[in-house]
Amino acid sequence: MGDAISYKDLGLVNSREIFRKAVDGGYAIPAYNFNNLEQLQAIITACAETSSPVIIQVSKGARNYANETMLRYMVIGAVQMAKEMGADIPIVLHLDHGDSFELCKNCIDSGFSSIMIDGSHLPYDENVALTRQVVEYAHAHDVTVEGELGVLAGIEDDVVAEKSTYTQPEEVEDFVQKTGVDSLAISIGTSHGAFKFKLKEGESVPPLRFDILEECEKRIPGFPIVLHGASSVVPEYVALINQYGGKMDGAVGVPEDQLRQAAASAVCKINIDSDGRLAVTAKVREYLANDPGEFDPRKYLGAARNELISLIKHKNEAVLGSAGKA
Ligand code: G3H
Ligand code: 13P
Ligand code: ZN
C-alpha cells in the first residue's frame, strides 16, 4: 500500500481529551455509525448545531459497503463542512468492532483516529494479547484504543452472540493494566439491534445492571467506559414502520432515562446505530406511502435526513448531555 495517512492531517482528533472531559463533566460523547452520505451529513449538521463533540464510527460492514477510500474522502468533506458551518467541534473517526490486528492497522494507516479491537468473544488471555498488540501499534501513531470485556447479545457484524455474558468486574483492572487500552466497553444488559429484550404482555424493560457498572468504576476509578447497543428503539419510529407496511413487532430498546443515568457516570461513549436506521426507514416508508409517484431519492432521503438531524439533536441535548460541550 502507499504512504500511511495520519488522522492529524485530516483535521480529526483522538478520543483521549474528549473522554477525560466527559468523565469529569458527567456526560457521554455520542458515537453514531454511518454508511452513506445522508447519515454523515445529518450527524455533522446535528452535532455542529448542538455544539457537541462527536465520534463518527465505521464498522467493517460499512467499509465493505461504502469503500474505504470513499469513506475517507467523505470524512474529509465532513470536517470541512463542520468548519464552514462555523462549528469548531472535535471529530473522531473510529473503527467500530475491529476484529483483527490487520484491520485495525489498516484503519490506523488510512486516517482513523480511534480503533476498537473487539476480542470479547475470545478466551480472556487471547483477548488480552490481541488487544495489547493493537494498542502498541495504535499508540505509536497516537491513536486511541477501545477494548471490550463481556459479550453483548445480538449481532456484531458477522458475529452473532446468542446470549450475553455480563462483564466480570474482577477482570477489568487486570485487563486495562495489561493491555494499555484507553477505554473499555462493558456488558451490562444492552444488546445490538432493534430487538433488545423479549417482553411478555404487560412486562416492562428490565433495568440495566448498574450494580456491575458501579463495581467496574470502583476498580478503575475515572477510567472511560463505553456502552454499546444503546439505541432506545424509538417507539414512534417502530409504529410508523409498522403503519406503512413494515414488520417490526416486538422491537424494543433501552429507555432514555437509563441512558441518562449511565451518561452521568464514567460511561463516556454511547453507541447508537439502530435508532438512526429506524428513523431513516420510518421516514422513507412514510414518504413513499404518501407520495407513491415520487421517484427522486433526494425527496425521500431528504425527509429521512431531516428526521435524523432531529433525532441526533435530541440525543445530544436530552439523553447524552454532550450538547454545548465542544
Ligand atoms: O455494532 C454494530 C453496528 O451497529 C454496526 O452494524 O456491522 O451492520 O454495520 P453493521
Ligand atoms: P445499537 O444497535 O443499539 O444502535 O448499538 C450500536 C452499537 O453498539 C454499534 O457498535
Ligand atoms: Zn457495538
> Return yes if some donor-acceptor pair links the side-chain N/O of Gln39 with the main-chain N/O of Gly276 below 3.5 Å, else return no.
no

> When you compare the side chain of Leu103 with that of Arg63, does any pair of heavy atoms fall below 4.5 Å?
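Yes, at least one pair of side-chain atoms sits under 4.5 Å.
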
> If Ile, Leu, Val, Met, Phe, Trp and Tyr residues are connected whenever their side-chain heavy atoms lie under 4.5 Å apart, and connections chain through other members, are Ile91 and Ile76 in the same group?
yes

> Filter on salt bridge (charged side-chain N to carboxylate O under 4.0 Å, His left out), then keep only pairs touching residues 36-56, sequence neighbours left out; what's left?
Glu49-Lys313

> Check whether more than 12 heavy atoms from other residues, nucleotides or ligands sit under 6.0 Å from atom CG of Asp88, and answer yes or no.
no

> With the threshold set at 4.0 Å, does a side-chain nitrogen-carboxylate oxygen contact exist between Glu102 and Lys105?
no

> List the steps, then state whether side chain to side chain contact (heavy atoms under 4.5 Å, CB included) holds for Tyr32 with Val54.
CA-CA 8 Å; Tyr32 299 113; Val54 64; 4.0 Å; yes

> With hydrophobic residues grouped by side-chain heavy-atom distances under 4.5 Å, do Phe19 and Leu259 end up in a single group?
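No, it is not one cluster - the side chains of Phe19 and Leu259 are not joined through contacts under 4.5 Å.
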
> Would Glu68 and Asn106 satisfy side chain to side chain contact (heavy atoms under 4.5 Å, CB included), going step by step from the backbone distance to the final call?
CA-CA 10 Å; Glu68 62 163 302; Asn106 192 293; 3.5 Å; yes

> Report the C-alpha separation of Ser265 and Ile225 in whole Å, then their side-chain angles, then the decisive distance to 0.1 Å, and conclude whether the side chain to side chain contact (heavy atoms under 4.5 Å, CB included) test is met.
CA-CA 9 Å; Ser265 74; Ile225 291 177; over 6 Å; no

> Looking only at side-chain N and O atoms, does Tyr137 offer a donor or acceptor that is under 3.5 Å from a partner on Asp109?
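Their side chains do contain a donor-acceptor pair, which is all the 3.5 Å distance test asks for.
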
> What I want to check is whether the side chains of Asn316 and Thr50 have a donor and an acceptor closer together than 3.5 Å.
yes

> Would a 4.5 Å heavy-atom cut-off, applied to side chains only, mark Leu320 and Ile272 as touching?
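Heavy-atom side-chain distance check passes, below 4.5 Å.
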
> Phe195 and Asp249: which non-hydrogen atoms are nearest, and at how many Å?
CE2-O, 3.3 Å

> Between Tyr244 and Leu308, is there a shared hydrophobic cluster once you connect ILVMFWY residues whose side-chain heavy atoms come closer than 4.5 Å?
no

> Looking at every non-hydrogen atom in both residues, tell me the closest pair between Tyr7 and Gly111 and how far apart they are.
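That would be CB-O, 3.1 Å.
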
> Can you confirm whether more than 12 heavy atoms, excluding those of Glu173, are under 6.0 Å from its CD atom?
no

> When you look at Lys299 and Asp291, which way does the salt bridge (Lys or Arg N to Asp or Glu O under 4.0 Å) test go after all the steps?
CA-CA 10 Å; Lys299 295 285 172 42; Asp291 193 350; over 6 Å; no

> Quick one: are Pro206 and Leu199 in side-chain contact, heavy atoms under 4.5 Å?
yes

> Could you check whether any side-chain heavy atom of Leu184 comes within less than 4.5 Å of a side-chain heavy atom of Phe223, counting everything from C-beta outward?
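Contact flag for Leu184/Phe223 side chains = yes.
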
> Does a side-chain heavy-atom distance below 4.5 Å link Lys283 with Leu240?
yes

> Nearest 0.5 Å, please: how far is OG in Ser113 from CG in Leu12?
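One gets 5.0 Å once the value is rounded to the nearest 0.5 Å.
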
> Show which residues join Tyr65 in its hydrophobic cluster (side-chain heavy-atom contacts under 4.5 Å, direct or indirect), or state none.
none

> Can you tell me how far apart CG (Leu288) and CZ (Phe295) are? Round to the nearest 0.5 Å.
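It is 12.5 Å, given to the nearest 0.5 Å.
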
> Report the distance from atom CG of Asn271 to atom CG of Leu227, rounding to the nearest 0.5 Å.
8.0 Å

> Would you call Glu256-Arg260 a salt bridge at under 4.0 Å N-O?
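Yes, Glu256 and Arg260 are salt-bridged.
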
> Just verifying a value: how many Å separate Ile18 CD1 and Ser114 OG, rounded to the nearest 0.5 Å?
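These two atoms lie 8.0 Å from each other.
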
> Has Met85 got more than 12 heavy atoms of other residues, nucleotides or ligands less than 6.0 Å from its CE?
yes

> If you measure only the distance, is there a donor-acceptor pair under 3.5 Å linking the side chains of His139 and Asp182?
yes

